[in-house]
Amino acid sequence: MSEVPVLLETTLRVALVIVSALCVCCSYRVIRGPTDPDRVVALDAIATNVVAIAVLFAIQTGRGLFITVSLVLAIIGFIATVAVAKFVIDGEVIE
Amino acid sequence: MIRTAVVIALIAVGVFFLIVGTVGLLRLPNVYNRMHATSKPTTLGTAAIFLAGFVAFGPGKEGLTSLLGIVFLFLTVPTGAHMIARSAERIGVPFLGSVTWPDESAVRSDRSDEDDD
């Protein structure tokens with residue numbers, strides 16, 4: 001019985017490291033991306049990865065508050081994506 | 001015991017889908033293909049990790065927030081991808097190979113309507 005939480009702890013740590021590394025890999029597309037929509041797509045992927053990181057951190061520390069944090073991060077990421085998509089077309093967000 | 005096993009399995013599935021999405025983002029040749037690669041696997045991976053949070057915290061306290069997060073992701077990620085795709089087509093990012101719109105006249109009338117606005 002005492003081995004299983006250790007296994008869960010290890011899984012959570014490995015998952016956190018992997019998802020953080022995925023964020024770094026996505027930043028390659030943010031910097032290098034040929035067009036602006038590439039950068040927006042990569043930033044959207046980074047935002048979703050950060051949501052996953054927040055949930056993993058909530059499970060690891062046992063603090064349920066970070067689930068709410070992940071929800072707020074998802075909302076902010078969606079609003080940022082929509083705003084930048086409109087900005088790429090029109091050159092302005094609020095007309 | 002069973003709860004821990006389910007949490008570990010869901011986290012493994014979620015991390016796998018996130019890896020698939022990022023590899024697609026890095027490897028695919030076009031904006032539209034990259035968007036196709038990131039939106040669906042990233043949604044599924046994060047939804048699986050949210051489900052792991054639901055299983056870990058239980059339905060009483062923070063698990064309901066996790067379910068709300070899943071619903072929110074499934075609503076917003078396709079919407080955001082659609083808006084990026086529309087803006088990419090609008091600023092003239094070319095399609096790959098022989099890919100075209102299904103009906104060009106529909107696209108043109110759509111544009112002229114928005115020009116009238």
Side-chain angles (χ1 to χ4, degrees), chain A residues 1 4-5 7-8 10-12 14-16 18-19 21-26 28-29 33-38 40-42 44-49 51-56 58-60 62-68 70-71 74-75 77-90, chain B residues 1 3-5 7-9 11-12 14-16 18-19 21-26 30-32 34-35 37-39 42-43 45-46 48-57 61-66 68-69 72-73 75-77 79-93:
Chain A
M1 192 65 192
V4 176
L7 186 58
L8 179 61
T10 311
T11 309
L12 282 166
V14 170
L16 276 171
I18 289 175
V19 179
L22 289 182
C23 284
V24 178
C25 293
C26 287
Y28 169 78
R29 190 54 77 189
T35 60
D36 285 340
D38 280 315
V40 183
V41 168
D44 196 25
I46 286 179
T48 318
N49 283 345
V51 170
I53 287 176
V55 179
L56 288 173
I59 299 172
Q60 188 189 20
R63 293 185 218 164
L65 179 66
F66 283 95
I67 300 278
T68 314
S70 71
L71 203 59
I75 292 170
F78 170 64
I79 292 174
T81 303
V82 171
V84 176
K86 282 186 74 66
F87 180 75
V88 166
I89 298 178
D90 299 333
Chain B
M1 182 84 180
R3 169 187 289 189
T4 312
V7 168
I8 289 174
I11 287 173
V15 170
F16 169 72
L18 289 180
I19 290 172
T22 304
V23 168
L25 175 70
L26 291 181
N30 202 358
V31 186
Y32 310 101
R34 281 172 200 142
M35 187 179 314
T38 57
S39 59
T42 309
T43 308
T46 312
I49 291 178
F50 264 124
L51 264 183
F54 173 69
V55 175
F57 286 104
K61 291 177 285 187
E62 302 292 338
L64 281 178
T65 316
S66 302
L68 188 65
F72 188 79
L73 272 183
L75 282 178
T76 57
V77 173
T79 312
H82 174 78
M83 291 208 64
I84 303 168
R86 206 183 56 156
S87 67
E89 196 272 338
R90 200 67 64 87
I91 69 171
V93 176

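Order of the sequence lines fixes the chain letters, A, B, ..., with proteins taken first and strands second; residue numbering starts at 1 for each chain.
Within the 4.5 angstrom heavy-atom criterion, atoms from both the backbone and the side chain of Ile84(B) approach chain A. In this structure, chain A has heavy atoms under 4.5 Å from both the backbone and the side chain of Ala88(B). When heavy atoms are compared at a cutoff of 4.5 Å, Ala48(B) does not approach chain A at all.
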Handout entry: Residues Leu56(A), Ile11(B); criterion side chain to side chain contact (heavy atoms under 4.5 Å, CB included); working and verdict
Key = CA-CA 8 Å; Leu56(A) 288 173; Ile11(B) 287 173; 4.0 Å; yes
Practice task
Please lay out, stage by stage, how Val55(A) and Ser66(B) fare under the test side chain to side chain contact (heavy atoms under 4.5 Å, CB included).
Solution key: CA-CA 9 Å; Val55(A) 179; Ser66(B) 302; 5.6 Å; no
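Looking at every heavy atom in both residues, Arg86(B) comes nearest to Ile89(A) through NH2-CD1, 4.4 Å. Minimum heavy-atom separation, Ile59(A) to Ile49(B): CD1-O, 4.4 Å. Closest of all the heavy-atom pairs between Leu18(B) and Ala52(A) is CD1-CB, 3.8 Å. Looking at every heavy atom in both residues, Phe78(A) comes nearest to Thr79(B) through CE1-CB, 3.9 Å.
When each of Val84(A), Val82(A), Val88(A) is checked for a side-chain contact (heavy atoms from CB on, under 4.5 Å) with Met83(B), only Val82(A) meets the rule.
Taking CZ from Phe50(B) and CG from Leu71(A), the interatomic distance works out to 6.0 Å, rounded to the nearest 0.5 Å. Put simply, OG1 on Thr10(A) and CD1 on Ile8(B) are 8.5 Å apart, with the number rounded to the nearest 0.5 Å.
For chain A, the option among Leu68(B), Ile19(B), Val7(B), Leu73(B) with the highest count of heavy-atom pairs below 4.5 Å is Ile19(B). Comparing Val15(B), Asn30(B), Val31(B), Thr76(B) by how many heavy-atom pairs each has under 4.5 Å with chain A, the most go to Thr76(B). The residue among Thr68(A), Ile75(A), Val19(A) with the most heavy atom pairs within less than 4.5 Å of chain B is Ile75(A). Between chain A and the residues Thr42(B), Val77(B), Thr43(B), Leu25(B), the largest count of heavy-atom pairs under 4.5 Å involves Leu25(B). Ranked by non-hydrogen atom pairs under 4.5 Å with chain B, the options Val40(A), Thr48(A), Asp36(A) are led by Thr48(A).
The local environment of CZ in Phe16(B) is sparse, with at most 12 non-hydrogen atoms from other residues, nucleotides or ligands closer than 6.0 Å.
Applying the side-chain hydrogen bond (donor to acceptor under 3.5 Å, both in side chains) criterion to Asp44(A), with sequence neighbours excluded, gives Thr81(A). Listed by chain and residue number, Thr35(A), Arg34(B) satisfy the side-chain hydrogen bond (donor to acceptor under 3.5 Å, both in side chains) test with Asp38(A) (two or more places apart in sequence, or in another chain).
Counting heavy atoms from C-beta on, the side chains of Cys26(A) and Thr38(B) never come closer than 4.5 Å.
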